[in-house]
Amino acid sequence: FIKQEDMLLFIGKNVSEFISKNNYVFDTIMRGIHNHAEFQQLLSDPNRNSMIMSSFLYQIFKNYPKGKITCLDHVIGGSFKYEENLDLFNWKLNGDTATISGFKVQNATCNFGGRKWIAWFSPEIPYSDGPYKFNGLPGLIVKISDSRNQYVFELESIEKPKHKTMIDFREKDFIETTKQGFFRAKDAFRNDIVSRAKEAGLNSKEQQIAARNMAQRNNPLELKRK
């Protein structure tokens, strides 16, 4: 099943944030809710359908803390936080050039998460950043895909906000772990989906549907966790 969604990359002076647009809109709306009455008013708002839940719940902060990538992600029942080193990628620069979204770009490749990645970066946009965790090239990554084209990120537009936009990290009761610990928790939830569905009150047929739906989510971006 192919999923497509708009993502946002906020690039600040020292820190950047990568988040799905739907997740960002939902979070922005929820920050304006201060009590139960306002929440009930939101539920009765006919425009609430504009709050579309994202298929990609992760948030990625680069260079926060300095020299690190902070990843926030979710498994039902808990919000997780883990850190990785910023210099994850051993890029190989190639001589190929092209034009993407009106920008002159150069080609680079690397291996990450059990996949080979082909990146196109633009020295015209002097930010060593890109989608997801990708960074470390002498210019913004405007397109990157794995060699099987199962995951593709491509620049749609770039703009400078009219007003200052804060890249802020909201502290809450995260389960702090390692990347390996997070994926172990995710795997445990997948393997125990029938029991979880039963605990939630689903009947046998609904439990099997939940199991089939979970089984279809079998192609994570990071196939290897080290």
Notebook entry, point to check: Any sub-3.5 Å donor-acceptor pair from K104's side-chain atoms to P123's backbone N or O?
Noted result: no
Notebook entry, point to check: What about the rings of Y151 and Y132, do their centers lie closer together than 6.0 Å?
Noted result: no
Check: Can any side-chain N or O of S128 pair as donor or acceptor with the backbone N or O of G136 at less than 3.5 Å?
Finding: yes
Note to self: Could you check whether any side-chain N or O of E84 sits under 3.5 Å from a backbone N or O of K179, counting only pairs where one atom can act as donor and the other as acceptor?
What the structure shows: no
Check: Between S101 (side chain) and L155 (backbone), is there a donor-acceptor pair under 3.5 Å?
Finding: yes
Next item on the list: Give a yes or no answer on whether the side chain of T70 reaches the backbone of F61 with a donor-acceptor pair at less than 3.5 Å.
Entry: no
Notebook entry, point to check: If you measure from CG on N63 to CD1 on I167, what distance do you get to the nearest 0.5 Å?
Noted result: 11.0 Å
Item checked: Minimum-distance pair of heavy atoms, taken over all atoms of I19 and F10 -> CG2-CE1, 4.2 Å
Checklist line | Joint hydrophobic cluster, I125 plus L9, side-chain heavy atoms closer than 4.5 Å | finding: yes
Checklist line | Main-chain N/O of G12 paired with N14 side-chain donor or acceptor, under 3.5 Å | finding: no
Next item on the list: Measure the acute angle between the ring planes of F169 and F174, then classify it against the limits of 30° and 60° as parallel, tilted or perpendicular.
Entry: tilted
Item checked: Flag, side chain of N85 to backbone of D87, donor-acceptor distance under 3.5 Å -> no
Notebook entry, point to check: Are the side chains of V105 and K143 in touch, meaning some heavy atoms are under 4.5 Å apart?
Noted result: no
Checklist line | OH (Y58) with more than 12 external heavy atoms under 6.0 Å | finding: yes
Check: Among the clusters formed by ILVMFWY side chains lying less than 4.5 Å apart, do I158 and I144 turn up in the same one?
Finding: yes
Margin query: So does T99 get a backbone contact from the side chain of W120, meaning a donor-acceptor N/O pair under 3.5 Å?
Written below: no
Notebook entry, point to check: Within a radius of less than 6.0 Å around NZ of K133, do more than 12 heavy atoms belonging to other residues, nucleotides or ligands occur?
Noted result: yes
Margin query: Contact between K68 and L86 at the side-chain level, heavy atoms closer than 4.5 Å - yes or no?
Written below: no
Check: Any side-chain heavy atom of L93 within less than 4.5 Å of one from L137?
Finding: yes
Next item on the list: Taking all non-hydrogen atoms of both residues into account, name the closest pair between K81 and L72 and its distance.
Entry: CG-CD2, 3.7 Å
Next item on the list: Mark yes or no for whether R115, through its side chain, and L221, through its backbone, hold a donor-acceptor pair below 3.5 Å.
Entry: yes
Next item on the list: Can you measure from CZ (F134) to CZ (F112) and round to the nearest 0.5 angstrom?
Entry: 6.0 Å
Next item on the list: Find out whether P131 and M7 are in side-chain contact, i.e. whether some heavy atom of one side chain is under 4.5 Å from a heavy atom of the other.
Entry: no
